[in-house]
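A short write-up of the structure that comes next.
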Amino acid sequence: MRGRRTDRRQIIICIVAVCFLIGIAVGALSQRSLDANQTERLAVYADAVKCDNTGFTEVFFKHGKYIIAIWLCGFIYSGTAAVLIIIFTAGLFYGFSASYAAAGRGMGYVLSELFVPNMLFVPLYIFTAVWTISYILRRFSNCGPKSRIKRERRKHLSEHIVVLACCMAANALGCISEMYAAGFLNGIFK
């Protein structure tokens with residue numbers, strides 16, 4: 001039984017990671033396909049919406065929305081597809097923004113501003129996605145007597161809630177590192 005669970009979890013991790021990496025590649029390639037006029041308009045737009053003094057709550061909700069969206073997909077029957085779409089979209093945004101930042105500001109900026117906080121956020125997104133897909137597979141499988149199924153579902157629901165709380169706590173730590181450690185590293189790379 002444990003061997004099957006481990007195999008299933010490894011397959012889920014591979015699918016989620018590949019989906020995220022494909023999103024990153026597509027995002028980076030789409031940035032490379034921009035012409036000079038599109039790049040200039042995007043730079044004007046980025047300067048217009050740039051906010052240097054973002055607080056903790058803005059950063060927390062910026063990253064927490066992915067975690068909460070992935071977590072909520074655990075309650076719908078087709079949640080696995082929705083989780084993979086969210087992971088692909090997150091990879092798409094990360095790939096595009098990293099490629100755009102590297103082209104415009106250089107690798108020092110990418111290493112100091114994007115890489116450090118994303119070392120925490122990307123594994124957090126992948127963990128949340130893997131956990132949610134596993135939860136969906138356990139939740140919607142009907143094996144055994146009804147009394148045991150109800151107990152198991154309550155137990156899995158409480159585990160799912162605890163995982164959300166832990167992921168949001170890790171999100172808070174990632175936000176703190178994005179706000180303070182990235183600023184420190186930005187001073188080093190300048």
If you take all heavy atoms of Ala170 and Leu124, which pair is closest and at what distance? CB-CD1, 3.9 Å
Shortest non-hydrogen contact from Ile86 toward Cys73: CD1-SG, 3.9 Å
Shared hydrophobic cluster, Ile11 / Leu84 (ILVMFWY, side-chain heavy atoms < 4.5 Å): yes
CD1/Ile67 to CZ/Phe61 distance, rounded to the nearest 0.5 angstrom? 11.5 Å
Crowded around Phe93 CZ? As in, over 12 foreign heavy atoms under 6.0 Å? no
Side chain of Asn171, backbone of His63: donor and acceptor closer than 3.5 Å? no
For the backbone of Phe96 and the side chain of Ser99, can you confirm whether one donor and one acceptor N or O come within less than 3.5 Å of each other? no
Quick one: do Leu137 and Ile85 end up in the same hydrophobic cluster if we chain Ile, Leu, Val, Met, Phe, Trp and Tyr together by side-chain heavy atoms under 4.5 Å apart? no
If two hydrophobic side chains count as joined below 4.5 Å and joins carry through other members, does Ile176 share a cluster with Tyr66? yes
Val26 with Val122, same ILVMFWY side-chain cluster at under 4.5 Å: no
Non-hydrogen atoms of His160 and Phe75 that approach each other most closely: CD2-CZ, 3.8 Å
Go through the steps for Asn118 and Phe121 under the test side-chain contact (heavy atoms from CB on, under 4.5 Å), then give the verdict. CA-CA 5 Å; Asn118 291 330; Phe121 291 123; 3.9 Å; yes
For residues Ile70 and Ile87, determine if any side-chain heavy atom of one lies less than 4.5 Å from a side-chain heavy atom of the other. yes
Look up atom SG in Cys175 and atom CE in Met168, then write down how far apart they are to the nearest 0.5 Å. 8.5 Å
Heavy-atom closest pair (Ile136 atom, Gly74 atom, distance to 0.1 Å) is CG1-CA, 3.6 Å
N/O donor-acceptor pair under 3.5 Å between Trp71 side chain and Cys167 backbone: no
For the student: nearest non-hydrogen atoms of Ser134 and Ile12, plus distance: OG-CD1, 3.6 Å
Any donor-acceptor N/O pair, Thr132 side chain to Ala129 backbone, under 3.5 Å: no
Ile24 vs Leu92 side-chain heavy atoms within contact, under 4.5 Å: no
Let's go through Tyr135 and Glu159 carefully: what are the C-alpha distance in whole Å and the side-chain angles of both, what is the deciding distance for side-chain contact (heavy atoms from CB on, under 4.5 Å) to 0.1 Å, and is it a yes or a no? CA-CA 9 Å; Tyr135 174 74; Glu159 289 173 353; over 6 Å; no
Nearest heavy-atom neighbours spanning Phe20 and Ala90: CE1-C, 4.0 Å
What about Leu164 and Leu157, same hydrophobic cluster or not, with Ile/Leu/Val/Met/Phe/Trp/Tyr joined at side-chain heavy-atom distances under 4.5 Å? yes
